[in-house]
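Before any comments, here is the structure.
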Amino acid sequence: MDIQQCRGRILIGKPGLDGHDRGAKIIARSLRDDGFEVIYTGIRRTPEEIALTAIQEDVDVVGLSVLSGAHNELFPEVLKALHQAKGGDIPVIGGGIIPEEDIQHLKELGMYEIFTSGTPVQTILNTFREATEKYRQRKHKII
Amino acid sequence: MNKHPAFVEWKETVLKKTLERFPERQKEFKTDSGFPAERLALPEEIDDKYLLKIGFPGQYPFTRGVQPTMYRGRLWTMRQYAGFSSAEESNKRYRYLLEQGTTGLSVAFDLPTQIGYDSDHKISRGEVGRVGAAIDTFADMEALFNGIPLDKVSTSMTINSPTAILLAMYVVVAERQGIKPAQLAGTVQNDILKEYIARGTYIFPPHPSIRLMTDIIEWCSREMPQFNTISVSGYHIREAGSTAVQEIAFTFANACTYVEAAICAGLDVDVFAPRMTFFFNASSDFLEEIAKFRAARRLWARLMKERFKAKDPASLKLRFHTQTAGYTLTAQQVDNNIVRVTLQALAAVLGGTQSLHTNSRDEALTLPLEDSVRTALRTQQIIAYESGVCNTVDPLAGSYYIENLTDRMEQEISALIDRIDAAGGMIAAIESGSVQRQIEESSYTYQQQIENGERIVIGQNKFQETKEVSPPVFQINKFIEENQVMKLLKIRAERDNQKVRKSLAHLEEAVRGKENVMPHVIEAVRCYATLGEICDVLRKVFGVYEETKGY
Amino acid sequence: MNDIDEIVKGIYLKEPRAIGRAISIIEDGDQRAGALLKQINAKNIQESTILGITGPIGTGKSTIINQLIAHYRKQGNRVGIVAIDPSSPVSGGAFLGDRIRMMRHAMDKDVVVRSMATRGKQGGLCAAAAAAVRIMICSGCDPVIIETVGVGQAEIDVVRLADITILVLAPGVGDEIQMMKAGIIEIADIVVVNKAECPGADSLFMELENVLHQRNCTVCRVIAREAYGIEKLAVFIGVIDKERRKSGQFTNKRKQTRETEIIDYAIEMMRDELRRRLKEYPGNYTGDPRTIARKLIDDICIAELDTSKRNCPEVFL
Ligand SMILES: Nc1nc2c(ncn2[C@@H]2O[C@H](COP(=O)(O)OP(=O)(O)O)[C@@H](O)[C@H]2O)c(=O)[nH]1
Ligand SMILES: [Mg+2]
């Protein structure tokens, strides 16, 4: 067997209290089928737990899903927690039921990208790929 | 006129009795052309196969409906799920809906309430009042129903893990209005198993959760006999991505677990079963959905009769609430959603639902705006009053396609239930994660079909608009969390804390023992113990559930 | 977080960011891996114990580890966990789900968890896992627990890194016979029957006692979800550890593991070179494979004697 270079490591997290993980699981699985290693935190995680997990696992991208509408609170909290844990450089991609004006605002706060329901999975995968590649260039010197 | 003895018997017993007690809404129902609409259309020849599989409405196996006259007698309950931020705001919405002609209230709670945390708990950050009303103490419940006489409405509460507490609060609010528990009508969801499978608002592990559930059922069967103590829900299982077959099969497997638990706890199946209702999803595959409802009714009647030996006909009737499928709504071209909802609602009506919630067009984007909610309600009213489908019972019976599909659905559902039984029952299947995996599998397949264009979603993967106008969204009050926390802190300071501690200690004792917890929960609620405090006692004794990982 | 010296310093200071990054550098074959590995020869490596936990999917390995973490944390130990799941042979991706059972400890900085995928490599996984273990030990973890799904040779090899191997079985989960055939049961020091409250647990327990009584192998019953039997399991682990350290078996085993590790490295380093040479090999390799292999090796040896004109790849994982 060969040594495989994995495409990247992704953390999929669900901060907040909503238990609707259909979207998160579809994304997790699609990422796996696209060659990513995916770590899923499960539902009901605090932003701090998600951040520390991302650091310990040294992931290339963090993906967050919030469907309760609490994204304006929870996404920035994850960014902050990552920053405090010296992982402020890790790109964070968000998904959920998110109105246009919130998207602008969240991107200004440092979210890499925000997706709403109905976005084709391929579009989401492409964004994960792009963010991963950029991050890994900074992270590694590969022979 | 059909002279078959079985039909004559049905007419002279079941139908006659119903017509005497509940006359039909109109003397005559007519088509647009002016001739009478038949109450019940029948095949020319009634054979044994017809009697065995289809039969007459209001009579075993109930394929054609649970009442003999269906919507000619009474329309379904138009029940719109609503719950907004604070108890006060929700109260306003309820009064609005009652004025607009809804006939039942449906209460949504915010996530901290559903998971047993107070609004000032760290984990509640950002979630207070977000998807429903925030309830910390019984004072919030009182504000929620302010000015609404609880003996005049039927209230459905979407609450599961902490059902005992919210129910206790409801009872105490009624008490203050001078109303006895026995006068209260409504439903609590109280369906914990699907939380592990699909919805995620569990607190405790399965076994203690079932104990809480049986305590509630037992207490209500004595004190609140008009209340439906459990609403076994396939809705969320479907929303999580299951197929129609899985929706019904997993729901029934859950229901069987509850029936078994209640029987084990010493309740008579015929006391308990009539208070059990169901909650299903009406999705877009129009004909399959109709067949699904008819198959479910027939299968449930058989299960109750053959497996649980229920004798009261009321125990055999599958009574259900339906909500249109949220997962089918698109954020693109939101007005299309009105059309989707119309079709889904029509499927539910042709499938014989007892009550219905129609989603609002903007539900894929936000909490619905008031005029979207109005259109959703109007959709039901148009079906009820303009479409004519209510003038006859089970109009699609006898269609080759519908009947074959009904048979096929029943077989598939039944086979899946058998597989769960063979694997040690639903709790084992949940703990091993196998049910969750099956749903994930279906949901992934569904998504892939959309991705590769095999499944067409208008506006999303076909007939897209290049320029989307983004509709206005509902803004929740930014101060809601602060206000709620202030209110809670004030109550904590003003109440008699010694009394609270004592009531919680009594509760703990009851929880550790075998005593029914309900009276103790009610006592704690009366002392203004908070939802979080009561849940902490339960968490301490029962522990908490951790999810299985899937894949 | 990209300077090797800074990373090494961070490991000793228990910085999560440094530990996480160091493991990635090894795992991904970053060219600085060699330099990093050279600098982290832990002095405390002999003092720390490495536990291997294996068994079929769903028997409760992660749940047991979650409880063991709680146990060791209560004693004041810092704990490391390397949780390994298989990569998909089709996409190369993986779903690393063991962590979900350990989220209770997510905010505890003295619980270091790293999920790893097998990435379809044999020796390579071993090397990366071994390095991760070493890095964790450097940062003060004792014990370090490795979790693998006992299905393939790769996973069995990883378990061999451990000082003490625990096989987890449960009634009705996985095929016990298969485990016995696979030989995993032979390398186990302790066999745990988890889900002891479930039907079939007692008969499984007795069957195992029967099979294992000739061997020096402990069988114990556990209900991981309720933490029942965990203390006892920890005592068994402690006793075995103490005995082996006293008898010298511990040092012996470490030496063996070291040998395996070195050979793995060597094979991985050779692999690319062999492949390159094979490409240049005349014809369609239609001859006897063994003869061709022999020839390849001989060629390399001659080339090496010849001069060392060409650079062999240095560290390659
Ligand atoms: N009945 C029972 N189930 C358990 C016990 N320990 C773990 N489980 C369940 O077994 C399933 C698999 O556990 P997990 O730790 O992920 O297994 P792994 O794949 O071996 O790591 C989960 O649903 C656990 O909740 C136990 O003692 N009794
Ligand atoms: Mg595991």
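Residue numbers start from 1 in every chain, and the chains themselves are labelled A, B, ... in the order their sequence lines are given, proteins ahead of strands.
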Interatomic spacing from [atom1] in [X] to [atom2] in [Y] - rounded to 0.5 Å:
X	Y	atom1	atom2	value
A:I43	B:E546	CD1	CD	11.5 Å
A:E48	B:K122	CD	NZ	4.5 Å
A:L67	B:R130	CG	CZ	12.5 Å

Contacts with chain A made by residues 442-450 of chain B (heavy-atom distance under 4.5 Å), listed by residue number: B:S443, B:Y444, B:Y446, B:Q447
Contacting moiety of A:D21, where chain B heavy atoms sit under 4.5 Å: side chain
Under 4.5 Å from any heavy atom of chain B - which part of A:D102: neither
Please name the pair of heavy atoms, one in [X] and one in [Y], separated by the smallest distance, quoted to 0.1 Å.
X	Y	value
A:A70	B:G126	CB-O, 3.1 Å
A:S117	B:A331	O-CB, 3.9 Å
B:R238	A:R22	O-NH1, 3.7 Å
B:E127	A:S68	OE1-OG, 2.7 Å

Tell me, side chain or backbone of [X] under 4.5 Å from chain A's heavy atoms, or both, or neither?
X	answer
B:I115	side chain
B:E195	neither
B:Y327	side chain

Under 3.5 Å: donor-acceptor pair, side chain of A:R44, backbone of B:G200: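 Yes: the side chain of A:R44 pairs with the backbone of B:G200.
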Flag side-chain contact, heavy atom, 4.5 Å: B:E451 against A:Q122: yes
Min side-chain heavy-atom separation A:L74-B:R125 under 4.5 Å: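 No, side chains not in contact.
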Contact winner vs chain B - A:G19, A:G96, A:G23, A:P15, heavy-atom pairs under 4.5 Å: A:G19
